[in-house]
Amino acid sequence: MRSFLYCEAGFVEKDKWLPDCWVNVECPTPEDIQYLLNQFHVPQSFLSDIEDTDERPRIEYEGNWLLTILRIPVQSTESGIPFTTVPIGIITNNEIIISVCYHKTELLPDFIRYSRRKELVVRHKYDLILRLIHSSAVWFLKYLKQINNEVARAEKALEKSIRNEDLLRLMKLEKSMVYFNTSIRGNEVMLSKLQSIFQEPMYMDAELVEDVETELKQAHLTVNIYSDILTGTMDAFASIISNNVNTIMKRMTSISIILMVPTLIASFYGMNVINYVEELPHGFVVIVLFSITLSALAFFVFRRIKWF
């Protein structure tokens, strides 16, 4: 689906393309692809690169065209991973500005609404790219807070009962952290390259660049902190699981020994040899009471050494 957005006091949707108009293409159909190829003569290789889900943040030239690829966060249900990142490409050539993303995101609609609410004035393509990077950092932070809340809920569930489902839940959140960390670092490197490209006075906006750098650094710091906490939590629960297994094995060993005592006595008593117990008037009761006494004694010994 494509839309034509012109910046007045924020981005306003138009019916057709105008010079300096932002063409936003999200989840493109074959018709949208053909429109970009035929109407604007966008390089086919650019669209193929953006379609690759594993494409890293980078900058590429082809003639007068410039391709800038960012990684932005999205909610995902793929393989049960709650959050991941996808590439978005900004293709520019003089007065042509096109963004292409093959995935549905919350970032772009929210950015457009934000521009209208704040009445932003986007002066040129570099300004738009910077604001999209800034918006991606903001959404990284939003999703990181959700991940932190999910980790807290999983920890509470694991405190009551350690189940494989809860541990797998933490592992999937850890994968999301890895995706976020890699993408944020890639966006930081790509921002540095953009600053070396757009050095003309008309592109210089030190305040905006500083805001973008600050948000990216905060997102990077936050994801590192949450990742370290999650790693520590996983290690702690791994130790707890190992300790619980040892406790269970000690209890099972104790129970086996306690049950072995009456079995051993009964085995001796049941031998086909003279043991003088059979001559006692209450021999069977004596054997049973003796077995119970030894088992109780073993039980108290194990309680004393805290095997129960």
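We number each residue from 1, following the sequence as shown.
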Indicate the ring-plane relationship of H124 and Y126, choosing parallel, tilted or perpendicular according to the 30° and 60° boundaries.
parallel
Could you pull out the closest heavy-atom pair between P87 and C101, with the gap in Å?
O-SG, 3.7 Å
Nearest heavy atoms of R116 and V12, plus distance in Å:
NH2-CA, 4.4 Å
What is the distance from atom CD1 of I184 to atom CZ of R71, rounded to the nearest 0.5 Å?
12.0 Å
Under 4.0 Å between a Lys/Arg side-chain N and an Asp/Glu carboxylate O for R185 and E188?
no
Roughly how far apart are L128 CG and L5 CG, rounded to 0.5 Å?
9.5 Å
Here the gap from I91 atom CD1 to I97 atom CD1, rounded to the nearest 0.5 Å, amounts to 12.0 Å
Between L191 and E213, is a side-chain contact (heavy atoms from CB on, under 4.5 Å) present by the stated rule, with each step listed?
CA-CA 8 Å; L191 176 62; E213 289 177 342; 3.7 Å; yes
Under 4.5 Å between any side-chain heavy atoms of D49 and R58, yes or no?
yes
Please report the shortest heavy-atom distance between V212 and L130, naming the atom on each side.
CG2-O, 3.4 Å
Is any side-chain heavy atom of V151 closer than 4.5 Å to a side-chain heavy atom of R169?
no
Treating Ile, Leu, Val, Met, Phe, Trp and Tyr as nodes and any side-chain heavy-atom pair under 4.5 angstrom as an edge, say whether Y226 and M171 lie in one connected cluster.
yes
In terms of hydrophobic clustering (I, L, V, M, F, W, Y; side-chain heavy atoms under 4.5 Å; direct or indirect links), are M177 and I225 co-clustered?
yes
Look up atom OG1 in T68 and atom CD1 in I88, then write down how far apart they are to the nearest 0.5 Å.
11.0 Å
Roughly how far apart are S115 OG and R131 CZ, rounded to 0.5 Å?
9.5 Å
Show the numbers, then the answer: is there a side-chain contact (heavy atoms from CB on, under 4.5 Å) between R56 and T182?
CA-CA 9 Å; R56 308 315 307 162; T182 305; 3.2 Å; yes
Between E51 (side chain only) and Y102 (backbone N and O only), is there a donor and an acceptor less than 3.5 Å apart?
no
Kindly work out whether a path of hydrophobic side-chain contacts (I/L/V/M/F/W/Y, heavy atoms less than 4.5 Å apart) joins L221 to V178.
no
Set out, in order, the CA-CA distance, both residues' side-chain angles and the distance that settles side-chain contact (heavy atoms from CB on, under 4.5 Å) for T222 and N148, then state yes or no.
CA-CA 10 Å; T222 303; N148 193 42; over 6 Å; no
Should D32 and T29 be marked as a side-chain hydrogen bond (donor to acceptor under 3.5 Å, both in side chains) after you check the CA-CA gap, both sets of side-chain angles, and the distance that decides it?
CA-CA 5 Å; D32 293 330; T29 62; 3.1 Å; yes
D211 side chain reached by H134 side chain, heavy atoms, under 4.5 Å:
yes
Which word best sums up how the rings of F111 and F11 line up, parallel for under 30°, tilted for 30 to 60°, or perpendicular for over 60°?
tilted
Does some side-chain heavy atom of P28 sit less than 4.5 Å from a side-chain heavy atom of V100?
yes
For S76 and T84, test the side chains for any donor-to-acceptor distance below 3.5 angstrom and give the result as yes or no.
no
Closest approach of I133 to M190 (non-hydrogen atoms, all atoms of both residues):
CD1-CE, 3.9 Å
Report the relative orientation of the aromatic rings in F140 and F180; use parallel for angles under 30°, tilted for 30 to 60°, perpendicular for over 60°.
perpendicular
Take N24 and I112 through the test side-chain contact (heavy atoms from CB on, under 4.5 Å) and record every step on the way to the result.
CA-CA 10 Å; N24 179 36; I112 295 169; 4.3 Å; yes
Is there side-chain contact between E106 and K142, with at least one heavy-atom pair below 4.5 Å?
no
Check: K145 main-chain N/O paired with N149 side-chain donor or acceptor under 3.5 Å
yes
Could you tell me whether the side chain of L132 reaches within less than 4.5 Å of the side chain of L108, counting heavy atoms only?
yes
Is there a path of hydrophobic side-chain contacts, each under 4.5 Å between heavy atoms of I/L/V/M/F/W/Y residues, joining I129 to V138?
no
Search all heavy atoms of F83 against all heavy atoms of S176 and return the closest pair with its distance.
O-OG, 2.7 Å
Is there a donor in the side chain of T231 and an acceptor in the side chain of D228, or the other way round, less than 3.5 Å apart?
no
In this structure, would I229 and L144 fall into the same cluster of hydrophobic residues linked by side-chain contacts under 4.5 Å?
yes
Distance-minimising heavy-atom pair for E62 and P43:
OE2-CB, 3.5 Å
Less than 4.5 Å apart, any side-chain heavy atom of H103 and any of I72?
no
Separation of L230 CG from I147 CD1 (nearest 0.5 Å)
9.0 Å
Non-hydrogen side-chain atoms of N187 and S136 separated by less than 4.5 Å:
yes
